Amino acid sequence: MLEKSIKVFIAQNLNANPSELMFKYGNDENLKFAITQIAARQKIKSKLPSIYTNPEFEFPASISLEQASSEITAKYKADITDYNTSCDLTGGFGIDSLFIAKKSAKHIYIEQNKELCEVFQKNIKSLHLDNIEIINSDSLSILSELEEMPELIFLDPARRSMDGKKTYYLEDTFPNPIKAINIIKDKFKKVLIKTSPMLDISRSVNQLPFIKEVHIVSVKNDCKELLFLLENQYEGKIRFKAVNFTSEVSSQSLDFEENSGVLKIEKPRKYIYEANSSISKLGFWRNFTERYELAALEINTHIFTSDHKIKNFPGRVFELLEICKINKKDLSKSIPNKKANITIKNVPINIVDFKKKTSIKEGGSKYIFVVKSSELGNVCLVCKKIEQEINPTL
């Protein structure tokens, strides 16, 4: 646990500028440590609110918070499936372990970094969690040595190579999930793999065995995680779930089994629709448009339209006001104040060049979709946004 003087200093300076604090108190090792704790808390304020306000929680000096789960996504992972015992092969900062352990009679946290293990030990003590065993070791070397295989194996492999470059394939992450599964083979019951949302879903589905579910998780329309749930010997259809948390307590989710159906192509109609980031990542557009009776503007534009207003649409809804050419003259008539919120889809122009060409600046109450339409070519859809109530039971 943190010393009382450190906790007092953190509480008194929680909203202060860490750089200014370091300049003022950096020669004092205890206060220098406290300043690193303040800086870490400021980074996770919205991501981990309960930890931000917990005076006992300690942050390791060496940890990067970039890959750490938020409380929303950590709880989601813990609730994905049932289990009585669990193991986190990639303990790290330990947020996922904390939430998974809450549902588990016994949880094993494995981490090869000694400092992370030591800090996690302090943190679980301060949280009064006594069902977690900490193992300071390389997960792949110890995996086959576990006396009894936990019902749920979780891993969140590092997404950067040794030289710090981002990786985009499962086989390039560490520990390699494919290798881990080969080590335990028929011994495991369930495996949950957290990966970057940048990962190619189809490629990963072809690489991993026994996939039962694929979850694409977004928070406030920002795609955060791609999850694969494996169940040993499962051979049924894969369930694809696109989830978007609109707040800490509300979410919209859609389930798919396959990208079936027919994608209709039509010109822009009265209402314009943009799906949320989880649905966009999944890309099951034929199934999606048939479910909501929508038409696409063009096969690769991914902006949709209809004559009817859809309630509780999982994304943004707009009313079309006018269709303009991509030029300054036409847009000046539709948007006299020259301010709009701009989205470009499937048109070979970037946002900077579009603004130069049209003199439109970001802002205002109107929205412009610069899109390719199969019937109209490259055009601007001038719209107003329709606010809608979110029904979490989709």
Side-chain angles (χ1 to χ4, degrees), residues 218-223 242 244-247 250-252 254 263-281 283 285 288-289 291-391 394:
S218 296
V219 178
K220 295 181 180 178
N221 205 32
D222 184 6
C223 200
N244 178 46
F245 286 91
T246 55
S247 70
S250 299
S251 66
Q252 286 187 314
L254 289 177
L263 183 68
K264 291 194 298 182
I265 307 294
E266 293 182 2
K267 66 181 181 180
R269 304 209 178 263
K270 184 175 182 180
Y271 295 102
I272 301 297
Y273 299 88
E274 182 184 34
N276 68 42
S277 58
S278 287
I279 294 168
S280 297
K281 171 63 182 177
W285 298 122
F288 176 72
T289 52
R291 185 176 301 189
Y292 285 97
E293 298 180 345
L294 293 170
L297 301 182
E298 198 269 347
I299 191 169
N300 293 315
T301 296
H302 306 154
I303 293 292
F304 308 96
T305 191
S306 73
D307 284 318
H308 62 283
K309 181 183 174 183
I310 299 170
K311 292 183 179 180
N312 301 309
F313 178 78
R316 299 197 297 171
V317 183
F318 303 85
E319 182 180 343
L320 180 61
L321 302 176
E322 196 167 353
I323 301 173
C324 301
K325 294 179 180 179
I326 307 176
N327 63 51
K328 188 174 181 178
K329 182 180 178 181
D330 277 24
L331 284 171
S332 294
K333 294 177 182 178
S334 297
I335 308 174
N337 68 350
K338 297 183 180 180
K339 286 186 177 181
N341 303 277
I342 305 163
T343 299
I344 299 176
K345 296 277 189 176
N346 198 28
V347 174
I349 187 172
N350 60 45
I351 193 89
V352 174
D353 290 340
F354 175 81
K355 289 178 181 179
K356 287 181 180 178
K357 184 174 182 178
T358 62
S359 296
I360 299 293
K361 296 179 181 180
E362 290 278 2
S365 60
K366 290 186 178 179
Y367 290 75
I368 298 175
F369 286 90
V370 187
V371 297
K372 180 179 181 180
S373 163
S374 288
E375 294 194 24
L376 304 177
N378 297 338
V379 293
C380 293
L381 309 181
V382 180
C383 306
K384 70 174 182 180
K385 189 177 182 182
I386 299 174
E387 299 298 334
Q388 54 177 342
E389 294 182 3
I390 300 298
N391 183 352
L394 289 178

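Only a predicted model underlies this, so the values are computations on that prediction, with no experimental measurement involved.
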>> side chain to side chain contact (heavy atoms under 4.5 Å, CB included), that's the test. Do V371 and L381 meet it? Break it down for me.
In response: CA-CA 8 Å; V371 297; L381 309 181; 3.9 Å; yes

> Run the side-chain hydrogen bond (donor to acceptor under 3.5 Å, both in side chains) check on T301 and N346 step by step: do they pass?
Replying inline: CA-CA 5 Å; T301 296; N346 198 28; 3.2 Å; yes

>> Checking F313 against I386 for the side chain to side chain contact (heavy atoms under 4.5 Å, CB included) test, could you report, in this order, the C-alpha distance in whole Å, the side-chain angles of both residues, the deciding distance, and whether it holds?
In response: CA-CA 11 Å; F313 178 78; I386 299 174; over 6 Å; no

> Where do K345 and E274 land on the salt bridge (Lys or Arg N to Asp or Glu O under 4.0 Å) test, with the steps shown first?
Replying inline: CA-CA 10 Å; K345 296 277 189 176; E274 182 184 34; 3.6 Å; yes

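Pairing each heavy atom of L321 with each of K366, the nearest pair is CD1-CE, 4.2 Å. In terms of heavy-atom proximity, K338 sits nearest to S332 at CE-OG, 4.1 Å. When every heavy atom of V382 is checked against every heavy atom of S334, the shortest pair comes out as CG2-CB, 4.2 Å. Across every non-hydrogen atom of E362 and I351, the tightest pair is OE2-CD1, 3.7 Å. The shortest heavy-atom contact between K325 and C380 is O-SG, 4.2 Å. In plain terms, the two heavy atoms of F318 and C383 that are nearest each other are CB-CB, 3.7 Å.
Side chains of L297 and I265 form no contact here, defined as non-hydrogen atoms less than 4.5 Å apart. Contact check for N378 versus I349: no side-chain heavy atoms found under the 4.5 Å cut-off. Residues E298 and S374 have side chains in contact (heavy-atom distance under 4.5 Å, counting atoms from C-beta outward). Counting only heavy atoms from C-beta outward, the side chains of N350 and I344 never approach each other to under 4.5 Å. The shortest side-chain heavy-atom distance between F304 and T289 falls under the 4.5 Å cut-off. Looking at heavy atoms from C-beta onward, T305 lies out of side-chain contact with L320 at the 4.5 angstrom threshold. Counting heavy atoms from C-beta outward, F354 and I368 have side chains that approach closer than 4.5 Å. In this structure the side chain of K385 never reaches within 4.5 angstrom of the side chain of N341, judged on heavy atoms.
To the nearest 0.5 Å, the span separating CD1 on I303 from NZ on K372 amounts to 15.0 Å. Atom CG of N276 and atom NZ of K220 lie 15.0 Å apart (nearest 0.5 Å). The CD1 atom of I360 sits 7.0 Å away from atom CD1 of I342, with the distance rounded to the nearest 0.5 Å. For the atom pair T358 OG1 and D353 CG, the distance stands at 10.5 Å (nearest 0.5 Å). Note: N337 CG to K361 NZ = 11.0 Å, rounded to the nearest 0.5 Å. Interatomic distance, NE2 of H302 versus CD1 of I279, reported as 13.0 Å (0.5 Å rounding).
By the 30° and 60° cut-offs, the orientation of the rings of Y292 relative to F288 is tilted.
By the 6.0 Å contact criterion, NZ on K355 is enclosed, its count of non-hydrogen atoms from other residues, nucleotides or ligands being greater than 12.
Within the 3.5 Å criterion, the main-chain N or O of Q252 finds no donor-acceptor partner in the side chain of N244.
For the ring-ring contact (aromatic ring centres under 6.0 Å, His included) test, no residue two or more places apart in sequence or in another chain qualifies with Y271.
A side chain to side chain donor-acceptor pair (under 3.5 Å) with S218 holds for exactly one of S280, S278, S251; it is S278.
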